[in-house]
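Heads up: the structure comes next, in structure tokens.
Letters go in sequence order (proteins before strands), and every chain restarts at 1. Quick caveat: nothing in here was measured; it's all calculated off a predicted structure. Side chains are part of it too, since the values below use all heavy atoms of this structure and drop only hydrogens, waters and symmetry mates.
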There are 2 protein chains.
Amino acid sequence: MKEILNYKHLHYFWAVAREGGVNRAAERLGMSAQTVSGQVSKLEHALGKALFTQQGRNLVLTEAGRVALQFADQIFMLGESLQETLEDDTLGSTVRLAAGITDVLPKTVSYRLLEPVLGGEQRVRLVCTEGAFDELLAELALHRLDVVLADRPVPAGGQQPFVSTLMARCPVMIFGTAKLCSQYREDFPHSLSRAPMLLPTRDNVLRSQLEQWFEEQNIKVDIVGEFEDGALLKTFGRQGVGLFPAPSFQVDDITRQFEVEVVGEVTGVYEHYYAIANRRKLQHSAVETLMRSATEPHER
Amino acid sequence: MKEILNYKHLHYFWAVAREGGVNRAAERLGMSAQTVSGQVSKLEHALGKALFTQQGRNLVLTEAGRVALQFADQIFMLGESLQETLEDDTLGSTVRLAAGITDVLPKTVSYRLLEPVLGGEQRVRLVCTEGAFDELLAELALHRLDVVLADRPVPAGGQQPFVSTLMARCPVMIFGTAKLCSQYREDFPHSLSRAPMLLPTRDNVLRSQLEQWFEEQNIKVDIVGEFEDGALLKTFGRQGVGLFPAPSFQVDDITRQFEVEVVGEVTGVYEHYYAIANRRKLQHSAVETLMRSATEPHER
DNA sequence: ATAAACACTACGGTTTATTCGAACAATTAT
DNA sequence: ATAATTGTTCGAATAAACCGTAGTGTTTAT
């Protein structure tokens, strides 16, 4: 266990280094020189290194001291900055919520999940970032994000600094153009055998679930395309290249936008959406309301 | 006068925010919860803003709290980093001296000025940066440089955070190829009338001094080139394009390197070299020896 | 040579800050 | 309802910081 740095001592050290002497520093600080000298000595002892050496009747920074000064400069700059920022700000009137959204998430889903925080009594300013799952988690750990929305939870380790909350599970449908639909709607799902199919790439959670489902149904589809980007996949589907699966709370979200129709539902398969936040630190009021808004099976 | 931020309080706040509660934080800190709670309250009072609000039986960060947490993250990251850096390092065996060199300074002069610090009893690692005068001063103010070498002092204001020390003054000679020399050496300096001349640009201090000298000597030279870069100027001079002035401690520095000869000395004109450091903080042992090595210490 | 400036140390006493224990209030789980 | 968990408030005890005064040593200015 390491001792925590004494920032008061560091502050005196900083003053001495900047003013160029114990006496000048003490005067500026409104203190006696003995005290300042003593406190700096304690710091040196705590760090195990001399910060100054006496040269003639002045002090001179040692190499360690010069390193320490660099850090101290930054530290106390930040301290002042903190005070100033909190001082004059119009904070509190609006709450800022930094949300990271995994790029595999459909936009409409993102909106549905985040909607509850906007409806609260307090004004919320939403700051949305998109990115890869791992990148977003890193940002989350650094407190640069308040919450991450994803299609999978974190592996739930005991020492994990994150908590995942299941926000919703969304039924998965198979869509296609009107022409394709009329061809495959009958005798769904067995009609899908040999059907031309557009699927997400293998890194997508939905993909493996779908393959398992095909297996169970004893269907062997004809994969005519794989896509990383969900929107691109749907665009190809719209042109009638093949049938495609998509999660959907309300079918008309997709049928309207992409001018397609529903072939059928992938029974028993759901896409799950999770909100991930810093463990034990659900301390963002907006994150709290978000997590609370988690809905159980959202069947319609 | 503003109160200095209490970093101990901030540290407790930080722990509470990270652990997600006063109790957990207190446990980890090895303290009682009452203490932590009280200290955080003091911080809130000092900042004039609530950092937490009670929501149910948990704490939740306010917007101000979230801002504070961002700063605290950085601050204590730096604190730890400081300790680690000082801990295991081989510091002290060698001293690092970050010197900024104004790009108008001749390299040989730079070397001559910096040489004394290398000869000290302590090993010195020299880190040289080149740049414009103003840029280097900015770096100096931020403690990113320890000293700046220039051909001019800072304007010496009372509130100025810098001190300039005259390190040396260097006589100025006129050089030229052997052929040109033989043509103009006789009756120097009056022979220079109409002589082809290469001069530094007007931003150079030496330039105005030279023009004044020409005026005094009642000489009107023929300026065939102006150069920002001293080395480029000399290279042109080497080719016999014209005569050129150059400061020189030892004439053979230039005569040998550029295969030229001396036409004559610019009497009464000297180039001055200054070392500029942070005021009251000549606290770098290497800077001290540097300043001491000045031919005529010139405090202003 | 002498005085002034600067820094470090030591010790007793004072002031301020930190800390804990106990009691209290609010919320959630059983 | 009761117990468990969480956070806060209130003195009293403890620890740290701080100030005098006083003495030592060094270097620089006169």
Side-chain angles (χ1 to χ4, degrees), chain A residues 3-46 50-62 65 279-283 285 288 291-292, chain B residues 3-46 50-62 65 163 165 279-283 285 288-289 291-292 294 297 299:
Chain A
E3 270 310 307
I4 188 69
L5 184 64
N6 188 325
Y7 285 78
K8 199 162 202 170
H9 294 168
L10 186 67
H11 183 246
Y12 294 147
F13 157 77
W14 186 57
V16 173
R18 291 206 322 163
E19 298 297 325
V22 172
N23 279 313
R24 279 185 288 268
E27 189 185 359
R28 171 174 279 256
L29 292 169
M31 305 180 59
S32 73
Q34 310 92 298
T35 302
V36 176
S37 175
Q39 300 288 56
V40 173
S41 295
K42 285 185 180 175
L43 177 64
E44 289 181 323
H45 188 259
L51 270 6
F52 295 106
T53 54
Q54 203 154 1
Q55 199 163 109
R57 61 180 175 186
N58 330 305
L59 293 181
V60 169
L61 281 170
T62 63
R279 178 177 247 228
R280 309 189 163 182
K281 208 207 102 197
L282 325 164
Q283 338 202 35
S285 55
E288 287 253 301
M291 296 283 193
R292 275 192 220 289
Chain B
E3 271 309 308
I4 188 70
L5 183 64
N6 187 327
Y7 286 77
K8 199 162 204 169
H9 295 169
L10 186 67
H11 183 246
Y12 293 147
F13 157 77
W14 186 57
V16 172
R18 290 208 317 168
E19 299 297 326
V22 172
N23 282 309
R24 282 184 287 269
E27 189 183 359
R28 172 173 277 257
L29 291 169
M31 311 184 56
S32 71
Q34 311 89 298
T35 302
V36 176
S37 174
Q39 300 288 68
V40 172
S41 295
K42 285 185 180 175
L43 177 64
E44 289 180 322
H45 188 259
L51 270 6
F52 295 105
T53 54
Q54 205 153 3
Q55 199 162 108
R57 62 178 175 186
N58 310 315
L59 293 182
V60 168
L61 280 171
T62 63
V163 285
T165 308
R279 180 177 247 229
R280 306 186 166 192
K281 207 207 100 196
L282 327 162
Q283 339 202 32
S285 55
E288 287 252 301
T289 59
M291 296 284 194
R292 274 192 221 290
E299 173 84 17

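The C1' atoms of five pairs define one axis at each end of the helix from C:dA1-D:dT30 to C:dT30-D:dA1, and these two axes lie 30° apart (to 10°).
Phosphate contact (OP1/OP2 of D:dA17, side-chain N/O of A:N6, threshold under 4.0 Å): present. Taking only side-chain nitrogens and oxygens, B:H9 comes nearer than 4.0 Å to OP1 or OP2 of C:dT18. Distances shown here put every side-chain N or O of A:S37 at or beyond 4.0 Å from the OP1 or OP2 atom of C:dA7. Contact annotation: B:T35 side-chain N/O to C:dT18 OP1/OP2 distance is not under 4.0 Å. At the phosphate of C:dA17, neither OP1 nor OP2 sits under 4.0 Å from any side-chain N or O atom of B:Y12. Within the 4.0 Å cut-off from OP1 or OP2 of D:dA16, not a single side-chain nitrogen or oxygen of B:K8 is found.
Contact of the A:N58 side chain with the A:F52 side chain is not registered, since no non-hydrogen atoms from C-beta on lie closer than 4.5 Å. Side chains of B:F13 and B:L51 form a contact here, defined as non-hydrogen atoms less than 4.5 Å apart. Side-chain contact between A:L5 and A:L43 is present, with at least one heavy-atom pair separated by less than 4.5 Å.
Judged as a side-chain hydrogen bond (donor to acceptor under 3.5 Å, both in side chains), and not counting sequence neighbours, A:H11 has no contacts. Applying the side-chain hydrogen bond (donor to acceptor under 3.5 Å, both in side chains) test to B:Q54 and every residue at least two apart in sequence or in another chain returns nothing. For B:N6, the side-chain hydrogen bond (donor to acceptor under 3.5 Å, both in side chains) partners at least two apart in sequence or on another chain are B:H9. In this structure, the side-chain hydrogen bond (donor to acceptor under 3.5 Å, both in side chains) partners of B:Q34, at least two apart in sequence or on a different chain, are B:S32. Take A:Y7 and apply the ring-ring contact (aromatic ring centres under 6.0 Å, His included) test, not counting sequence neighbours, and it matches B:Y7, B:F76.
At whole-Å resolution of the value, CZ in B:R28 and P in D:dT6 are 16 Å apart. We find that CZ of A:F52 is positioned 14 Å from C1' of C:dC6, with the value rounded to whole Å. For the pair A:M31 CE and C:dT15 P, the interatomic distance rounds to 16 Å; values are reported in whole Å. C:dT18 atom C1' lies 15 Å from atom CG of B:L43, rounded to whole Å. Protein atom CD of B:E44 is 8 Å distant from nucleotide atom P of D:dT8, rounded to whole Å. Taking atom CD on A:E27 and atom C1' on D:dC18, their separation rounds to 18 Å, with Å as the unit. Distance OH (A:Y7) to P (D:dA17): 15 Å, rounded to an integer number of Å. In this structure, the CD1 atom of B:I4 is 16 Å from the P atom of D:dA17, given to the nearest Å.
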Heteroatom pairs (N/O) under 3.5 angstrom, protein to nucleotides 21-28 of chain D:
residue : atom : partner : partner atom : Å
D:dT21  : O4   : A:Q34   : NE2          : 2.6

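Side-chain atoms of A:L59 lie closest to C:dC8 of the nucleotides C:dC8, D:dC18, C:dT18. When each of C:dT18, D:dT8, C:dT9 is scored by its nearest atom to the side-chain atoms of B:V22, the top-ranked nucleotide is D:dT8. Nearest nucleotide to the side chain of B:R24, out of C:dT9, D:dG7, D:dT6: D:dT6.
From A:E19, atom CD reaches atom CD of A:E27 across 9.0 Å, with rounding to the nearest 0.5 Å. To the nearest 0.5 Å, atoms NZ (A:K8) and CD (A:Q39) are separated by 8.0 Å.
Of the residues near DNA chain D, A:S32 and B:N23, the one whose nearest nucleotide (by heavy atom distance) lies more toward the 5' end is B:N23.
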